[in-house]
Amino acid sequence: EPEIARLAGVYLKIAGWGIVPALGVNAIKGYLTGLERTQFILYTTIAAAILNGLINYVLIFGNFGAPELGIRGAAIASVSVNIFAFVAVCIYAARSIPEHDLFHRIWRPDWQAFSRVFQLGWPIGLTNLAEVSLFTGAAVLVGWIGTFELAAHGSPLQVASFPFLLHLGISNAATILAGKAYGRRDEVELRRAGIAASVISALVVLITVILLFVFNETVSGWFVNPSDPVRPQIVAIAAVLVLYAAAFQVADAGQVIAMGLLRGVQDTAVPMVIATISYWVIGLPISYGLAFTLGLGPAGLWLGLVVGLTVAAVLMMWRFWMRTVRITRPQSVPPTA
């Protein structure tokens, strides 16, 4: 609706400025994570979430004598919280690790460091873009099938996102541990990091799959208004899709753990190619073929996503385990005459 679009524009004109402190937060978070100082990141995130809710409550509805700003209040809250988080992590980084002198002469560019970060970072960015756009494309395809199917698609997507965040955290930890082992050329520790991350992630997958199979109808109803007259139709479709989301967990966990390990050994370009081909050349076309050509509907679409992510997981895991010995074992020196 035009009015909804207008309100979205009003929101973005203010909230868009929040990307500046948000990017700063991500940079400092990456720095602290690399130093294994993740507790403060957790505390800051929780505090920011609470502050976000409080500021929204005050500014959107005009509580405690504040002006009632509606959608503008929500935007101001978002920017304010990002600024708060940025200031908090900067103060912590400067005070807790003074020996790094992190902000000393920060205005002077270090072109060598910029180049190295960019070389490692741009493939990671495109990999993330390929994955996010895969799910966006899937949502478009589901919308072509029907209204109920599109509504039902949201339930498994939301359900799958919760355990994925656990796997993402494990993946980040794997990146750090693998990176340290890689820097020391310690093959044993590199393998231990890979095994530990894979086993922990597998346990999370096992628990998730069991819960989704047992409570698929229950979780499918979480995201539909109980008083909605078409709720039974939506939940019936979503309950089936949640089962596919359970299978999706196995592939998704494998690919994100493998990606984290490869990033730890500074291997980002080839995983980008693997991800792009797996998602867009294999996964999405199979989803389209199963959903529309074979008439399997949203179930076929989810099955195609599982296939694409499985291909990515297998190839990336193979690449990591095939490279661990070669990249860590020092080259033999020929004997002198």
Side-chain angles (χ1 to χ4, degrees), residues 33 120-121 123-135 160-210 212 244-287 302-329:
T33 301
L120 288 173
I124 296 176
L126 291 183
T127 302
N128 293 339
L129 177 63
E131 185 172 5
V132 171
S133 60
L134 170 69
F135 292 101
S161 68
F162 290 121
F164 174 78
L165 295 177
L166 298 177
H167 299 299
L168 185 61
I170 298 169
S171 174
N172 290 338
T175 299
I176 297 167
L177 297 177
K180 290 186 174 181
Y182 174 75
R184 297 191 302 266
R185 292 300 190 269
D186 189 336
E187 177 191 339
V188 174
E189 286 301 314
L190 184 58
R191 288 179 175 273
R192 289 184 64 192
I195 293 172
S198 300
V199 170
I200 295 173
S201 181
L203 291 175
V204 174
V205 167
L206 179 61
I207 295 172
T208 303
V209 169
I210 292 174
L212 291 182
Y244 284 92
F248 178 88
Q249 290 297 308
V250 181
D252 203 21
Q255 66 94 19
V256 75
I257 295 300
M259 201 175 296
L261 291 167
L262 289 170
R263 288 172 183 173
V265 297
Q266 300 186 7
D267 185 6
T268 59
V270 174
M272 173 193 68
V273 176
I274 292 174
T276 303
I277 293 175
S278 300
Y279 301 157
W280 279 94
V281 179
I282 298 176
L284 203 61
I286 291 178
S287 291
W302 270 86
L303 186 56
L305 296 180
V306 172
V307 172
L309 287 172
T310 300
V311 172
V314 170
L315 291 178
M316 289 185 191
M317 278 294 185
W318 178 85
R319 181 170 177 80
F320 173 76
W321 290 109
M322 291 299 101
R323 281 172 53 86
T324 50
V325 175
R326 180 162 58 87
I327 64 179
T328 55
R329 186 167 294 167

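- Panel note: side chain Ser287, backbone Leu305; a donor-acceptor pair is recorded below 3.5 Å.
- Side chains of Val281 and Thr276 form no contact here, defined as non-hydrogen atoms less than 4.5 Å apart.
- At a threshold of 4.5 Å between non-hydrogen side-chain atoms, the residues His167 and Asp252 do not count as touching.
- Looking only at distances, no side-chain donor or acceptor of Ser201 sits under 3.5 Å from a matching main-chain atom of Ala197.
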| request: Tell me, with the steps shown, if Leu190 and Phe320 meet side-chain contact (heavy atoms from CB on, under 4.5 Å). | output: CA-CA 10 Å; Leu190 184 58; Phe320 173 76; 4.1 Å; yes
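- Checking side-chain atoms of Thr208 against main-chain N and O of Val204 turns up a donor-acceptor pair under 3.5 Å.
- A heavy-atom distance below 4.5 Å is found between the side chains of Leu134 and Leu284.
- Two residues are said to be in side-chain contact when any heavy atoms from C-beta on lie closer than 4.5 Å; Thr33 and Ile176 meet this criterion.
- From Leu303, atom CG reaches atom OG1 of Thr310 across 9.0 Å, with rounding to the nearest 0.5 Å.
- The structure places OG of Ser161 at 11.5 Å from CG of Leu168, a figure rounded to the nearest 0.5 Å.
- The shortest side-chain heavy-atom distance between Leu177 and Glu189 does not fall under the 4.5 Å cut-off.
- Remark: the backbone N or O of Leu309 is not paired with any side-chain donor or acceptor of Ser278 at under 3.5 angstrom.
- The two residues Ala174 and Leu261 make their nearest non-hydrogen contact at CB-CD2, 3.6 Å.
- Rounded to the nearest 0.5 Å, atoms CD1 (Ile207) and CG (Leu212) are 12.0 Å apart.
- The two atoms that bring Gly260 and Ser171 nearest to each other are CA-OG, 3.2 Å, heavy atoms only.
- Rounding to the nearest 0.5 Å places CE of Met272 at 13.0 Å from CG of Leu262.
- Of all the heavy atoms in Pro123 and Leu120, the pair that sits closest is CD-O, 3.5 Å.
- Note that CE of Met316 is 3.5 Å distant from CE of Met259, once rounded to the nearest 0.5 Å.
- Although no hydrogens or angles enter the test, the distance criterion places a donor-acceptor pair under 3.5 Å between the side chain of Trp280 and the main chain of Ala130.
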| Would Ile195 and Trp321 satisfy side-chain contact (heavy atoms from CB on, under 4.5 Å), going step by step from the backbone distance to the final call? | CA-CA 10 Å; Ile195 293 172; Trp321 290 109; 3.7 Å; yes
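- The aromatic ring centroids of Phe164 and Phe135 lie 6.0 Å or more from each other.
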| task | With side-chain contact (heavy atoms from CB on, under 4.5 Å) as the test, would you mind laying out the steps for Ile257 and Met317 before giving the verdict? | result | CA-CA 8 Å; Ile257 295 300; Met317 278 294 185; 3.9 Å; yes
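- At a threshold of 4.5 Å between non-hydrogen side-chain atoms, the residues Arg263 and Asn172 do not count as touching.
- Cation-pi contact between Arg184 and Tyr182: absent, since separation from the ring centre below 6.0 Å together with deviation from the ring axis within 45° is not met.
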| task | Apply side-chain contact (heavy atoms from CB on, under 4.5 Å) to the pair Ile282 and Val307, showing each step before the final yes or no. | result | CA-CA 8 Å; Ile282 298 176; Val307 172; 4.2 Å; yes
